[in-house]
**Student:** 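Here it is: the structure, laid out below.
Numbering of residues begins at 1 and proceeds along the displayed sequence. Note that ligands are numbered from 1 as they come in the structure, with each ligand's atoms numbered from 1 the same way.
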Amino acid sequence: MKKISIIGAGNVGATLASLIAMNELADVVMVDVIQDMPKGKALDMMQMLSVFNSDITVKGSNSYEDIKDSDIVVITAGIARKPGMSREDLLNTNANIMKEVVSNIYKYCSGSIVIVVSNPLDVMTYLAYKILKDYGWTRFKVMGMAGVLDSARFKYFISEKLNVSMDNINAFVLGSHGDTMVPIVSFTTVAGVPLRYLIGEEELKQLIERTRNGGAEIVSLLKTGSAYYAPAASTFIMIKSIIYDKKQILPVSVYCQGEYGYEDLVLGLPVVLGKDGIEKIVELNLEQSEKQELDKSAEKIKQLCKELYTLNIV
Ligand code: APR
């Protein structure tokens, strides 16, 4: 049985742990800084698994030693922006958490595949890779989860608008996990039919806008936190493709070395995900306007990554 560790046993981490366990994908370890909380959640999950007669193990811990020899490590640790906190403060705080988490990954889990979920996603993935590369990780073993989630949101809004099954829709959102994300309309289809044949420009604009605000819309409704069911499900789909070596093509945040013309930044691009992590970055022939939007998204991420140097984080 494979072993998956999840750092941060909050809403996303615990929901993901329960999805992995329910689907008997791997044994799970959840680590968090909050005393005993991950142990309580793990105990509850073990009792849930007893109901289903499953022999998967879920362990909760406050000690990084328990992640030893994990095949996959998912990072959901971090804090959300609090009132009065600037974006720089948030970046600083979460970057320091990321550095601590990553130092335990290279200590205990050499050779593991690392999936970053913590926000700001693109910058956190960049930071994780920059540290891990010095300990032998290739860029194909450190990735961020964003595109699957953003594509799922786009797909849901299309399905709702057209009143067709989710199963018929193939939606692709690339770029950053932020307001410059790029829904790739030219590669979005409904039962193989290009989306533009089925929907007017104005309606399409609204769907794109709602997708870009997908996270914020949920934050404003929840009031005390951010989305977690769909983020956990999206991470689960990436893990499933890796564990079963499915080689699914999924939009994943990856460190670029020349792909699509980008260098030294992390950006959401279509990749093939298999047992060794990212097997290949797929280069699509994007429409000119889409490529221009992706360029803007890349530029924005590049500026954010630069802040890591300005703040002396890397
Ligand atoms: N080590 C381990 N866990 C930590 C650390 C640390 N150094 N610092 C914070 N944590 C834990 C917190 O104690 C908390 O339990 O990370 C957990 C984060 O969980 P939530 O606050 O519930 O946040 P969640 O909704 O799960 O989101 C986690 O994913 O989607 C992103 O923007 C989201 O960055 C956020 C992350």
**Student:** Just to check, does Pro231 reach to within less than 4.0 Å of ligand 1 when the distance is taken from its heavy atoms?
**Tutor:**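 So Pro231 does not count as touching ligand 1.
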
**Student:** Give the atom numbers and elements of ligand 1 that come within less than 4.0 Å of a heavy atom of Ile34.
**Tutor:**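 Close to Ile34: 13 (O).
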
**Student:** Do ligand 1 and Asn11 have nitrogen or oxygen atoms that lie under 3.5 Å from each other?
**Tutor:**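 For ligand 1, there is an N or O atom that lies under 3.5 Å from one belonging to Asn11.
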
**Student:** State, without any angle test, whether Tyr108 and Asp66 hold a side-chain donor-acceptor pair at a distance under 3.5 Å.
**Tutor:**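 Side-chain D/A pair, Tyr108 to Asp66: absent.
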
**Student:** For Asn119, take its heavy atoms, then give the atoms of ligand 1 lying under 4.0 Å from any of them.
**Tutor:**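 Near Asn119, meaning under 4.0 Å from one of its heavy atoms, ligand 1 has 30 (O), 31 (C), 32 (O), 33 (C), 34 (O).
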
**Student:** Looking only at non-hydrogen atoms, which of Ile6, Asn94, Val12, Leu149 approaches atom 27 (O) of ligand 1 most closely?
**Tutor:**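 Minimum heavy-atom distance to atom 27 (O) of ligand 1 goes to Val12.
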
**Student:** What atoms in ligand 1 come closer than 4.0 Å to a heavy atom of Tyr64?
**Tutor:**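 Going through ligand 1 atom by atom, the ones under 4.0 Å from Tyr64 are 1 (N), 2 (C).
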
**Student:** Please compare Thr76, Asp32, Ile97 and report which has the shortest non-hydrogen distance to atom 36 (C) of ligand 1.
**Tutor:**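 Result: the heavy atom closest to atom 36 (C) of ligand 1 is in Thr76.
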
**Student:** State the atoms of ligand 1, each with its element, that fall below the 4.0 Å cut-off from a heavy-atom position in Met37.
**Tutor:**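 Selected atoms, number and element: 15 (O).
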
**Student:** Any idea which of Gly8, Ser234, Gly78 brings a heavy atom closest to atom 9 (C) of ligand 1?
**Tutor:**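 Nearest heavy atom to atom 9 (C) of ligand 1 lies in Gly78.
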
**Student:** What do we get for Ala77 next to ligand 1 when only non-hydrogen atoms under 4.0 Å count, side chain, backbone, both or neither?
**Tutor:**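 Looking at Ala77 and ligand 1, atoms from backbone and side chain both fall under 4.0 Å.
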
**Student:** Is a side-chain donor-acceptor pair under 3.5 Å present for Thr180 with Glu293?
**Tutor:**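 Distance-only check fails for Glu293 and Thr180.
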
**Student:** Would you kindly say whether His177 and Asp150 are connected by a side-chain donor-acceptor distance under 3.5 Å?
**Tutor:**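 Yes.
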
**Student:** What verdict does the side chain to side chain contact (heavy atoms under 4.5 Å, CB included) test give for Thr188 and Ile158, after you've listed the backbone C-alpha separation in whole Å, the side-chain angles of each residue and the deciding distance to 0.1 Å?
**Tutor:** CA-CA 10 Å; Thr188 297; Ile158 295 167; 3.7 Å; yes

**Student:** Mind listing the closest non-hydrogen atom pair of Leu267 and Ser176 along with its distance?
**Tutor:**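 Scanning both residues completely, I find the closest heavy atoms to be CD1-N, 4.0 Å.
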
**Student:** Ignoring hydrogens and angles, state whether a donor on the side chain of Tyr255 or Asp264 is under 3.5 Å from an acceptor on the partner side chain.
**Tutor:**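 Yes, Asp264 and Tyr255 have a side-chain donor paired with an acceptor closer than 3.5 Å.
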
**Student:** Consider only side-chain N and O atoms of Tyr262 and Asp295, and report whether a donor and an acceptor are under 3.5 Å apart.
**Tutor:**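 Indeed, the side chains of Tyr262 and Asp295 share at least one donor-acceptor pair under 3.5 Å.
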
**Student:** Can you name the atoms of ligand 1, numbered from 1 with element, that are less than 4.0 Å from a heavy atom of Glu100?
**Tutor:**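 Reading through ligand 1 atom by atom, the close ones are 7 (N).
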
